Amino acid sequence: SSAIPTRQRNTENYIIIAAIDFQVHFIVLVLFYLVKDIMVVSVPWDVYNRRNIETKRILVMNTSKVFHYFVRFLFGTVVLSVLAIFVLFLMKVSFQPGTVSGAETNMISTFMAERILDTPTADQIAVVNRLLRYVAHLGLFFILSFMLTYVCFFMFRGFLRFLGMGGVVFIACFLSYYTEYKKQFIDGRHFDMADVRLNIIGCLAGIACMLFSYVINSFLYKKNRHYE
């Protein structure tokens with residue numbers, strides 16, 4: 001019984017560490033951008049006057065490029081932090097003891113059954129419970145693979161993107177199997193290959209959804225460029 005609070009405290013510590021890591025990155029990036037602005041502004045004005053308009057334009061373009069990479073890196077840090085917190089949440093939910101997991105699922109399924117039916121029977125609550133577990137497996141791993149694919153498309157270009165997609169498929173399938181394999185060593189939980197299949201289906205659906213979204217966005221972008 002004392003293992004449950006310890007596991008919860010560890011999860012909370014991981015989340016706090018991830019939040020602090022994000023804040024440190026944010027502060028460092030803001031300081032870098034401010035120093036960059038000070039360096040640009042501190043250049044004597046007579047130096048600008050001795051240069052032509054083309055040089056000024058290049059300076060503005062370089063400043064815009066630095067700002068673009070700054071925003072891109074900052075956004076990537078946020079996305080990776082959210083992904084790390086979601087993976088910790090997925091591990092916490094997957095590795096709960098059987099008594100805790102069963103109690104939470106029964107509470108949610110009973111609440112949903114009472115909203116759908118006036119006086120649900122035990123069999124009807126059991127059906128809702130089973131459907132809820134199916135949806136949880138599909139939904140959680142759908143979100144996981146969707147976020148992994150998004151990070152891959154955000155960080156990599158060209159051939160590296162294909163290698164990254166291979167890594168996404170490997171990580172998603174590994175977590176799909178590992179989260180179920182680990183359950184056989186937890187009190188009240190067991191390994192179920194059917195749940196592994198549900199996890200993998202959710203992963204494939206998330207990857208396919210992200211790829212479809214990317215193809216549609218690329219098509220619309222090229223179409224707008226053509227009309228311009």
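What you see is a predicted model; the values in this text were computed from it and never measured.
- Between F142 and F146, the ring-plane angle classifies as parallel under the 30° and 60° cut-offs.
- Annotation: side chain of F111 is not in contact with side chain of M107 (no heavy-atom distance under 4.5 Å).
- Under the 4.5 Å side-chain heavy-atom criterion for ILVMFWY residues, no single connected hydrophobic cluster contains both I116 and L132.
- Between the side chain of N217 and the backbone N or O of S213, at least one donor-acceptor pair lies under 3.5 Å.
- Taking the six-membered ring for Trp and thresholds of 30 and 60 degrees, F170 and F174 have nearly parallel ring planes, at less than 30 degrees apart.
- L175 is listed as a side-chain neighbour of M91, based on a closest heavy-atom distance under 4.5 Å.
- Using a 4.5 Å heavy-atom threshold, the side chains of F156 and L163 count as separate.
- Remark: side-chain polar atoms of R161 are not paired, donor with acceptor, to backbone N or O of C152 under 3.5 angstrom.
- Between Y177 and F191, the closest side-chain pair of non-hydrogen atoms falls below 4.5 Å.
- Using a 4.5 Å heavy-atom threshold, the side chains of S101 and R189 count as touching.
- F141 places none of its side-chain heavy atoms less than 4.5 Å from the side chain of S145.
- S109 contributes a side-chain N or O that, together with a main-chain N or O of T105, makes up a donor-acceptor pair within less than 3.5 Å.
- In this structure, V127 and Q124 have side chains that are not in contact, with every pair of non-hydrogen atoms separated by 4.5 Å or more.
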